[in-house]
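Worksheet: the structure to be examined is printed underneath.
Proteins come first, then strands; the chains are lettered A, B, ... in the order of their sequence lines, and each starts at number 1. Quantities reported herein were computed from a predicted structural model and do not represent experimental measurements.
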Protein chains: 2
Amino acid sequence: MEDLQRKIRSFTTVSDADMKFALQFYKKESVAKGSFLLKPDQYIDSFYFMKEGCVTYYTVDEGISQVMEFFTEGYFFTDLYAYIQEVPSHAYLEVMEDSTLYTISKKDVEKIFDYSHQLERFGRLSMQKAFINNFQRIHQIKNISNQERYLELLEKRPSLFQRVPQYLIASYLGLTPVGLSKIRKRLSKEAI
Amino acid sequence: MEDLQRKIRSFTTVSDADMKFALQFYKKESVAKGSFLLKPDQYIDSFYFMKEGCVTYYTVDEGISQVMEFFTEGYFFTDLYAYIQEVPSHAYLEVMEDSTLYTISKKDVEKIFDYSHQLERFGRLSMQKAFINNFQRIHQIKNISNQERYLELLEKRPSLFQRVPQYLIASYLGLTPVGLSKIRKRLSKEAI
DNA sequence: ATGATTTATTAAACCAGTTTAATTATTATT
DNA sequence: AATAATAATTAAACTGGTTTAATAAATCAT
């Protein structure tokens with residue numbers, strides 16, 4: 001669990017004793033492509049760390065799916081809204097390729113936050129990070145054109161395009177598959 | 001500072017001693033309509049609690065303003081992105097009406113988080129709240145039509161329409177003033 | 001390898017918004 | 001109260017996307 005340890009310490013100082021206490025609660029889990037960690041109307045009690053693999057987080061409203069995020073190596077994730085609020089989820093967490101996760105229950109997360117002030121601080125700072133990510137997402141949606149967002153994703157997370165179908169990327173960008181296809185065509189013409 | 005105290009305790013249990021420690025750092029401040037708490041390229045070192053009044057949080061990209069939020073009574077606020085990242089802001093915090101705030105510096109916020117585990121927990125939970133608010137914002141943008149968002153705002157925060165000009169509300173909803181005017185016209189026709 | 005299924009592209013008609021510009025209504029100032 | 005300044009509406013032309021449907025390309029299973 002060295003990658004998980006490194007990730008935790010990227011947020012704040014954590015003593016070896018505190019780290020040992022925290023890590024005891026994480027369980028390694030292998031999940032197969034095509035399976036689901038979560039479906040709508042289920043409660044979610046787990047927090048995940050992605051060691052290796054890819055999970056898509058999306059909702060389905062009136063038959064059309066809305067991709068919120070793709071979780072890949074090094075991401076902490078869950079359906080954070082349903083997890084925090086303890087309400088039935090509206091989302092799917094679908095495993096896109098055979099993946100390895102570290103899993104911890106909410107009860108155990110609360111134990112580690114109770115256990116030490118430093119671990120509570122880690123909790124605060126990781127929540128801060130989640131906020132920043134979301135904030136940047138809103139900024140992108142409000143201030144950046146679809147075409148620019150597509151190009152930025154292509155640059156920042158190129159491997160996604162090998163790992164998930166394009167129609168999910170379209171949804172992530174807030175487009176239909178047709179819309180994304182048009183943008184790609186426009187760009188390929190411009191490039192000539 | 002009873003309202004501030006009540007607000008803090010709405011997040012988690014805080015002892016009287018811890019509360020006293022925290023409150024000593026907050027300073028009451030009166031700010032006049034038309035003034036700015038923040039302008040682009042400035043750093044922001046303060047966290048605010050809105051006692052009475054209204055502040056608009058917006059960016060200006062290529063001459064067009066993008067309203068992120070309206071902060072009214074009971075809101076904790078700052079330019080959270082610039083505050084956390086300690087980078088020059090891209091935003092304005094403009095005072096829309098004579099307002100009363102409680103202000104605390106980031107240095108002092110960190111003092112109170114260092115001081116007690118309970119206050120650190122308050123920090124974590126308030127960050128969680130900020131995340132949830134942002135998350136719901138994204139959900140709205142992605143899943144709800146402009147018209148529906150307008151109607152929801154009208155229902156949830158009707159007083160805003162008395163307090164800030166309509167073109168700022170349009171921007172908050174992701175529209176131009178013309179676009180919002182059209183929606184309003186459409187709705188008034190339907191109502192007949 | 002072949003056929004079946006899924007995914008991506010293309011075309012055409014459409015639409016909810018935009019932009020620009022003119023007009024009207026409201027608010028603030030003297 | 002009159003005037004100036006600001007804000008909101010309307011109209012007209014436009015646009016970047018949508019929807020629907022057909023076709024082409026890629027992937028999967030036997």
Can you establish whether the number of heavy atoms outside H90(B) located under 6.0 Å from its atom NE2 is more than 12? no
Could you state the CZ-C1' distance from R186(A) to dT9(C), rounded to the nearest angstrom? 15 Å
In whole Å, what is the span from the CD1 atom of I183(B) to the P atom of dA16(C)? 10 Å
Interatomic distance where CD belongs to Q166(B) and P belongs to dT26(C) [whole Å]: 12 Å
Do any of residues 136-143 of chain A sit with a heavy atom less than 4.0 Å from DNA chain D, and if so which? none
Would you grab the first and last nucleotide of DNA chain D (5' to 3') that comes under 4.0 Å of any non-hydrogen atom in chain A? dG17(D) to dT20(D)
Can you check whether T176(B) has a side-chain N or O nearer than 4.0 Å to OP1 or OP2 of dT18(C)? yes
Check whether V55(A) and F70(A) end up in the same hydrophobic cluster, where Ile, Leu, Val, Met, Phe, Trp and Tyr are linked by side-chain heavy atoms less than 4.5 Å apart. no
d(CZ, R184(B); C1', dG17(C)) in whole Å: 17 Å
Over 12 non-hydrogen atoms of neighbours within 6.0 angstrom of NZ in K129(B): no
Bend across the helix from dA1(C)-dT30(D) to dT30(C)-dA1(D), to 10°, with axes taken over 5 pairs at each end? 50°
L175(A) near the nucleic acid: base, sugar-phosphate alone, or nothing, with a heavy-atom cut-off under 4.0 Å? sugar-phosphate
Does K142(A) have more than 12 heavy atoms from other residues, nucleotides or ligands lying within 6.0 Å of its NZ? yes
Should V87(A) and F77(A) be regarded as members of a common hydrophobic cluster, given that ILVMFWY residues are connected when their side-chain heavy atoms come within less than 4.5 Å of each other, either directly or indirectly? yes
Mind calculating the distance between CD (Q147(B)) and P (dC15(C)) to the nearest angstrom? 15 Å
Gap separating the CD atom of Q147(B) from the CZ atom of R186(B), nearest 0.5 angstrom: 4.5 Å
Under 6.0 Å from the six-membered ring centre of Y83(B) and within 45° of its axis: does the NZ or CZ of K106(B) meet both? yes
Integer-rounded Å distance: dG17(C) C1' and L180(B) CG: 12 Å
Describe the nucleic acid contact of K185(B) in one word from base, sugar-phosphate, nothing, applying a heavy-atom distance below 4.0 Å. sugar-phosphate
Honestly, is R137(A) close enough over Y172(A), meaning NZ or CZ under 6.0 Å from the six-membered ring centre and within 45° of the axis? yes
With the side chain of S181(A) defined as its heavy atoms from C-beta on, choose the nearest nucleotide among dA8(C), dT9(C), dA21(C). dT9(C)
Quick one: are I169(A) and F161(A) in side-chain contact, heavy atoms under 4.5 Å? yes
Checking K28(B), K51(B), R9(B) against D3(B) for salt bridge (charged side-chain N to carboxylate O under 4.0 Å, His left out), the one that qualifies is K51(B)
Take atom NZ of K182(B) and atom P of dC15(C), then tell me their distance rounded to the nearest Å. 13 Å
Kindly work out whether a path of hydrophobic side-chain contacts (I/L/V/M/F/W/Y, heavy atoms less than 4.5 Å apart) joins L160(B) to L187(B). yes
Between M68(A) and Y58(A), is any pair of side-chain heavy atoms under 4.5 Å apart? no
How long is the line joining CZ of F161(B) and P of dT26(C), in whole Å? 18 Å
